[in-house]
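In this text the structure is predicted, and so the values were computed from the model without any measurement.
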Amino acid sequence: MKQTLQLLLLFGLSIFLWGCPYDSPYGIDETAQQNIDEDLLGSWATFVTKPSNEGDYKADPIKVIFSKNTDQEYSIAITGYLNELKPYNVITNDTIKGSAYISTVAAKQFLNVFIKGKVYIAEIKREKNNLSMLCLSEHFTVEYIKNSAALKKAIEFQYKVSVTPAYDDFFVLKYLQKVN
């Protein structure tokens, strides 16, 4: 009985961890290599649809604010209804704050977001007047990442062999629109 309970707990934990965004002590580049994109500066907003009571869904507003920190680095703040992120200990009051810089891998742009000592990697896509931030999933690679070069190589491999990149669907912001 005890062994069965342990196996069930291990299975439940593995499913929980499967749904986490990828975090690393390393960025894609060791330091920022590209100048900031002035078009990203400002506030971007969208609605995130989340499950609610009795199988219903509700849409909550989320805002991402980019400001210039240095010529190559942004200050970033994410505000809105973020109760689901409280267990990750990244929220101060109602905002997640950090810094970020852009890296390019496999002809795609990625945002290296530094929040409380961890780096989260998100592909950024721009279509017309919309911005999407697609966080990589914890399971995007099985490799042990020892440095920035290994991270870059793992991302290149992921985009080379995968039909669909391994995004963490829970930590995806799609169709953000610039607001005042």
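Put simply, Ile65 and Ile36 are part of two different groups of oily side chains (I, L, V, M, F, W, Y) that touch within less than 4.5 Å, one to the next. Put simply, Tyr26 and Val105 are part of the same group of oily side chains (I, L, V, M, F, W, Y) that touch within less than 4.5 Å, one to the next. Hydrophobic clustering (ILVMFWY, side-chain heavy atoms < 4.5 Å, transitive): Ile124 and Tyr175 are in distinct clusters. Taken together through direct or relayed side-chain contacts under 4.5 Å among Ile, Leu, Val, Met, Phe, Trp and Tyr, Val64 and Val48 form part of one hydrophobic cluster. The cluster map of Ile, Leu, Val, Met, Phe, Trp and Tyr, joined by side-chain heavy atoms under 4.5 Å apart, puts Phe114 and Leu134 in the same cluster.
Atom CD1 of Ile121 is separated from atom CD1 of Ile28 by 4.5 Å, given to the nearest 0.5 angstrom. One distance of note links NZ of Lys152 with CD of Glu30; it measures 10.0 Å at 0.5 Å rounding. Leu176 CG to Phe66 CZ: the interatomic distance, rounded to the nearest 0.5 Å, is 8.0 Å. Distance check: Gln177 CD to Trp44 CH2 gives 9.0 Å after rounding to the nearest 0.5 Å. The NZ atom of Lys108 sits 6.0 Å away from the NZ atom of Lys125 when rounded to the nearest 0.5 Å. Between Leu136 atom CG and Phe110 atom CZ the span is 6.0 Å, to the nearest 0.5 Å.
Phe47 places a side-chain heavy atom less than 4.5 Å from the side chain of Pro61. Looking at heavy atoms from C-beta onward, Glu123 lies out of side-chain contact with Ile155 at the 4.5 angstrom threshold.
Side-chain atoms of Tyr101 come within 3.5 Å of backbone atoms of Asp29 as a donor-acceptor pair (strictly under, hydrogens ignored). Looking at Tyr159, its side chain never comes within 3.5 Å of a backbone N or O of Pro165 through a donor-acceptor pair. Within the 3.5 Å criterion, the main-chain N or O of Leu41 finds a donor-acceptor partner in the side chain of Lys178. With Gln33 contributing its side chain and Thr31 its backbone, the two residues share a donor-acceptor pair below 3.5 Å. Although no hydrogens or angles enter the test, the distance criterion places no donor-acceptor pair under 3.5 Å between the side chain of Ser75 and the main chain of Ser67.
Considering all non-hydrogen atoms of both residues, Ile145 and Ala154 come closest at CD1-CB, 3.9 Å. Annotation for Lys68 and Thr70: closest pair CG-O, 3.4 Å, computed over non-hydrogen atoms. The two atoms that bring Tyr74 and Asp37 nearest to each other are OH-N, 2.6 Å, heavy atoms only. Heavy-atom minimum distance, Ile76 versus Ala100: CG2-CB, 4.4 Å.
Considering Thr46, Val172, Leu111 in turn, Leu111 is the only one that fulfils the side-chain contact (heavy atoms from CB on, under 4.5 Å) rule with Met133. Just one residue in the list Ser148, Ser103, Ser99 forms a side-chain hydrogen bond (donor to acceptor under 3.5 Å, both in side chains) with Asn112, and that residue is Ser103.
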